[in-house]
There are 4 protein chains.
Amino acid sequence: MVWANQYRRNEDTKKAIYDAALALCREVGYEAMSIEAIARRAKAGKQTIYRWWPSKGVLLLDALGVVGNDSATFPDTGDLLADLSSQMTGAARIMSAPQLAPVLIGLLAGAHHDPALAERLMSDLIGPRRKGCFNRLRTARERGELPPDTDEVLLMEQLYGPLYYRYLVTREPLVESYVRRHVNDLLGRLVATTHGNHQHTDPQTGSAR
Amino acid sequence: MVWANQYRRNEDTKKAIYDAALALCREVGYEAMSIEAIARRAKAGKQTIYRWWPSKGVLLLDALGVVGNDSATFPDTGDLLADLSSQMTGAARIMSAPQLAPVLIGLLAGAHHDPALAERLMSDLIGPRRKGCFNRLRTARERGELPPDTDEVLLMEQLYGPLYYRYLVTREPLVESYVRRHVNDLLGRLVATTHGNHQHTDPQTGSAR
Amino acid sequence: MVWANQYRRNEDTKKAIYDAALALCREVGYEAMSIEAIARRAKAGKQTIYRWWPSKGVLLLDALGVVGNDSATFPDTGDLLADLSSQMTGAARIMSAPQLAPVLIGLLAGAHHDPALAERLMSDLIGPRRKGCFNRLRTARERGELPPDTDEVLLMEQLYGPLYYRYLVTREPLVESYVRRHVNDLLGRLVATTHGNHQHTDPQTGSAR
Amino acid sequence: MVWANQYRRNEDTKKAIYDAALALCREVGYEAMSIEAIARRAKAGKQTIYRWWPSKGVLLLDALGVVGNDSATFPDTGDLLADLSSQMTGAARIMSAPQLAPVLIGLLAGAHHDPALAERLMSDLIGPRRKGCFNRLRTARERGELPPDTDEVLLMEQLYGPLYYRYLVTREPLVESYVRRHVNDLLGRLVATTHGNHQHTDPQTGSAR
DNA sequence: CATTAAACGAGACGGTACGTCTCGTCTTTGC
DNA sequence: GCAAAGACGAGACGTACCGTCTCGTTTAATG
């Protein structure tokens with residue numbers, strides 16, 4: 001593609017740098033990972049890294065390759081509660097993956113004093129996911145699954161906030177049961193559904209769990 | 001008293017180090033702040049700092065002097081909604097204070113790879129506030145202001161989660177109107193709905209008991 | 001040539017470091033001179049020094065630039081006594097120069113627990129001078145100026161030993177008259193020459209009385 | 001005795017400090033030995049050391065206890081050559097003892113920028129030995145064993161200079177054969193004796209070939 | 001004896017330097 | 001003409017000692 005080689009960039013080197021960055025991040029953590037070490041491991045010149053990425057955080061964000069992945073697309077089976085549960089447990093699983101957890105907090109912290117990283121983080125990682133969730137909630141509202149006066153943004157933050165809180169502040173494991181309980185609890189108050197208890201039937205087996 | 005000077009610690013030096021740490025954190029940010037610079041500004045020897053604090057984060061936590069302050073005591077006027085609004089807007093104001101915001105995210109990030117800092121953060125900063133909120137919610141439940149099957153910990157996290165989300169993830173200003181809208185929205189649904197969720201969790205650790 | 005810049009070394013920096021080292025050595029002495037201070041004065045990074053020299057002593061030895069200088073070449077006018085007197089008074093002058101005296105003793109002391117310095121000292125400073133003297137003595141023996149059974153090494157050490165003794169042990173000034181008296185006395189006994197200098201000195205202080 | 005306890009000095013502590021100093025000197029060498037480490041090992045306070053000794057060198061000199069020992073007394077059997085050989089081989093043995101060699105050079109180097117150490121070194125260690133030798137040589141001259149115009153000080157330095165030269169400059173082992181050869185050679189020319197020594201040594205390394 | 005003054009161990013303190021590490025820039029060399 | 005290699009100035013890291021300065025606790029001598 002034209003753009004990719006517009007700057008005569010060596011794709012092999014790029015890949016080696018991404019690999020080295022990811023490997024190092026897993027091994028020593030985001031903070032302890034140095035550009036020097038990435039270059040060393042990738043057998044790349046330091047200048048090559050400084051030429052193409054403004055900071056360790058942005059490099060890592062690129063390396064994660066989150067731009068094009070589909071984790072931002074929200075499922076829409078028609079059942080809002082099920083869709084939210086499924087998407088959010090997936091998100092929780094990713095957030096609490098041992099390799100990724102320290103990365104995200106590192107990136108979030110870095111964004112507080114690195115506007116470039118902040119922008120990339122929002123446009124590539126956070127933004128698309130917010131948009132996907134927002135759209136799903138709007139659709140739900142239009143279908144009548146949610147009250148017509150629902151503030152989708154506020155609801156979205158009420159949904160995801162506690163996950164981030166657990167992940168970032170108390171560092172407790174984001175187990176699936178917690179996520180489901182939270183979503184049921186929050187949505188349960190909001191939607192007009194008869195549901196005496198909060199046990200859910202597994203759509204696959206049909207057996208109560 | 002004997003204990004205080006048991007280690008023959010110089011209180012003037014301690015104060016100078018706290019002052020220097022706080023000033024530097026404000027000026028250059030948590031990450032960019034070095035122990036070397038703190039010592040320089042406090043006219044203290046580096047060893048003096050290393051002698052008394054295990055890390056930059058713990059030093060800063062001590063410097064914030066959050067241990068004994070009363071921001072952890074929850075108001076109880078009998079009106080839960082008003083009390084929550086007042087406490088949470090206060091918390092939001094503190095969190096979004098320009099001097100403090102980068103400190104907290106730095107500490108939270110640091111806690112992810114520094115167990116000692118994590119423990120201090122939880123025991124001195126996060127824990128007491130969680131406990132205060134938990135107690136206020138329990139009192140409210142016992143008074144009948146909340147449904148008898150309310151899970152205080154989950155509710156607490158639903159209350160504070162979005163604040164941290166805004167502060168840490170999207171870095172939007174934590175304006176008072178947002179906080180009030182969120183609290184009204186969440187509490188409003190709760191007091192007007194019957195439902196059930198009967199698991200209880202420990203307010204400190206959050207783990208089910 | 002290629003070799004010199006094989007390591008892409010910055011010659012300006014090298015010169016600045018040599019200058020700083022020599023200046024500092026003169027000002028504060030060998031022991032009190034720190035690598036940190038050399039770097040500071042030379043406006044060089046500490047790492048640059050540690051990269052190229054294994055120790056303060058070796059750096060100073062290089063800075064003295066004794067490798068290529070010609071003080072190691074022994075004069076040969078055909079008159080052994082005159083040649084020795086001239087070379088040794090020169091050596092004595094150098095050894096007792098106020099800037100150099102503390103350097104040499106520092107290097108000699110350092111060589112006792114730094115094999116690398118010991119080797120450099122011998123190969124660059126001591127060795128060539130020993131060789132030059134040895135050759136001159138051998139030539140003299142071959143010419144019949146010295147007895148055919150002369151041990152040049154022993155004689156050399158008998159010649160220079162007292163100079164070092166005065167310089168290193170009693171720290172008396174290595175005045176020219178002493179050197180000449182010693183050489184005359186030693187050689188006079190060895191070759192068939194009239195000689196005589198019968199000044200006596202105090203055994204404690206060594207000063208002439 | 002009154003004087004000794006005038007300052008109410010603890011003799012046990014003093015002994016422990018001496019022992020620690022000597023042990024450390026043997027183990028890590030003079031340069032690497034710190035007052036901090038001496039205090040640590042002697043279980044003494046640092047202040048106690050700083051109270052009684054002006055420097056590491058003087059402390060060590062005291063610890064060596066050279067003041068009163070009898071190595072300064074010169075033998076007088078009537079045979080000058082034998083007496084010199086015996087005394088000097090003894091001195092050489094002491095100088096080249098592995099534990100002492102680095103101490104002496106350290107003290108000599110220290111004396112170059114520590115007048116107090118220089119004075120103590122001369123009055124306690126070097127001076128008495130010079131005096132003893134001087135007296136023996138004077139006696140020999142008065143007995144006619146040496147020419148009447150002999151300069152005892154010069155001769156003394158010609159005798160001992162090469163020993164120090166080997167010990168300090170070339171760091172070759174001060175083997176007995178070398179000492180005897182040197183004394184025989186020097187004295188042999190001076191007194192009326194038949195002698196001869198035809199061994200040759202390499203001028204660079206000094207080792208016999 | 002009780003007082004008292006010093007020596008003592010312990011170790012905090014402000015400093016300096018150590019030798020290593022990484023930063024981000026700059027230069028040289030090879031492909 | 002970009003990329004690797006790495007030198008460079010800069011400066012922080014955490015440690016070791018420096019020499020000074022309290023602290024309480026012996027310990028010896030004086031009163």
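The structure displayed is predicted, hence computed values, not measured ones. Per chain, numbering begins at 1; letters A, B, ... match sequence-line order. Any value given below was found using the heavy atoms of this structure, including those in side chains, with hydrogens, waters and symmetry copies removed.
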Q: For B/Ala39 and A/Met33, find the nucleotide of DNA chain E closest to each by heavy atoms; which residue's nucleotide sits nearer the 5' end?
A: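 First, find each residue's nearest nucleotide; the 5'-ward one identifies B/Ala39.
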
Q: Would you write out the dot-bracket form of DNA chain E, 5' to 3', with Watson-Crick and G-U pairs under 3.5 Å, [ ] for crossing pairs, | for pairs to other strands and . for unpaired bases?
A: |||||||||||||||||||||||||||||||

Q: May I ask you to say whether B/Arg120 pairs ionically with B/Asp62, meaning some side-chain N is under 4.0 Å from a carboxylate O?
A: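 Yes.
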
Q: It should be established whether D/Arg51 places a side-chain nitrogen or oxygen under 4.0 Å from OP1 or OP2 of nucleotide E/dC8.
A: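 Checking D/Arg51 against E/dC8: at least one side-chain N or O falls below 4.0 Å of OP1 or OP2.
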
Q: Show the distances under 3.5 angstrom between N or O atoms of the protein and N or O atoms of nucleotides 20-22 of chain F.
A:
unit_1, atom_1, unit_2, atom_2, d
F/dC21, N4, D/Gln47, NE2, 2.6

Q: Spell out, as yes or no, whether a donor-acceptor pair under 3.5 Å connects the side chain of C/Lys46 to the backbone of C/Ala39.
A: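 Checked: no pair found.
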
Q: When you compare the side chain of B/Leu108 with that of A/Leu108, does any pair of heavy atoms fall below 4.5 Å?
A: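 Side chain of A/Leu108 against side chain of B/Leu108, heavy atoms only: no contact under 4.5 Å found.
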
Q: Under 4.0 angstrom, heavy atoms only, what part of the nucleic acid is A/Ala44 near: base, sugar-phosphate, or nothing?
A: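 Sugar-phosphate contact only.
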
Q: On DNA chain F, nearest-nucleotide positions of C/Ala42 versus B/Glu36: which is more 5'?
A: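 That would be C/Ala42.
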
Q: Would you find a donor on one side and an acceptor on the other, under 3.5 Å apart, between the side chain of B/Lys56 and the backbone of B/Glu31?
A: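 Yes, B/Lys56 side chain to B/Glu31 backbone: donor-acceptor pair under 3.5 Å.
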
Q: For C/Ile17 and for B/Ile35, locate the closest nucleotide of DNA chain F by heavy-atom distance; then report the residue assigned to the nucleotide nearer the 5' terminus.
A: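 Result: C/Ile17.
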
Q: Tell me whether the side-chain N/O atoms of D/Thr13 come closer than 4.0 Å to OP1 or OP2 in E/dG9.
A: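 Yes, because at least one side-chain N or O of D/Thr13 sits under 4.0 Å from OP1 or OP2 of E/dG9.
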
Q: Choose from F/dA7, E/dA7, E/dC13 the nucleotide whose nearest atom is closest to any side-chain atom of C/Trp52.
A: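 Closest nucleotide to the C/Trp52 side chain: F/dA7.
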
Q: Which nucleotide sits closest to the side chain of D/Ser34: F/dG9, F/dA4, F/dC18?
A: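 Closest nucleotide among those given: F/dC18.
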
Q: Determine: side-chain N/O of B/Thr48 to OP1/OP2 of E/dG14, distance under 4.0 Å, yes or no.
A: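 Affirmative; the distance criterion is met.
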
Q: Under 4.0 Å: is that the gap between some side-chain N or O of A/Arg40 and OP1 or OP2 of F/dG6?
A: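 For F/dG6, neither OP1 nor OP2 has a side-chain N or O of A/Arg40 closer than 4.0 Å.
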
Q: Measure the shortest side-chain to side-chain distance between A/Trp53 and A/Ile17 over non-hydrogen atoms and say whether it is less than 4.5 angstrom.
A: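 In contact.
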
Q: Please determine whether side chain to side chain contact (heavy atoms under 4.5 Å, CB included) holds for the pair C/Val103 and C/Leu22, giving the CA-CA distance in whole Å, both sets of side-chain angles, and the decisive distance to 0.1 Å.
A: CA-CA 10 Å; C/Val103 180; C/Leu22 292 171; over 6 Å; no

Q: May I ask you to test the C/Leu60-C/Tyr18 pair for a side-chain heavy-atom distance under 4.5 Å?
A: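 Side-chain contact under 4.5 Å: no.
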
Q: Does some side-chain heavy atom of C/Lys14 sit less than 4.5 Å from a side-chain heavy atom of C/Glu11?
A: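 Yes. Closest side-chain heavy atoms under 4.5 Å.
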
Q: Is the phosphate of E/dA12 approached by B/Arg9 (side-chain N or O, under 4.0 Å from OP1 or OP2)?
A: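 No, because none of the side-chain N or O atoms of B/Arg9 sits under 4.0 Å from OP1 or OP2 of E/dA12.
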
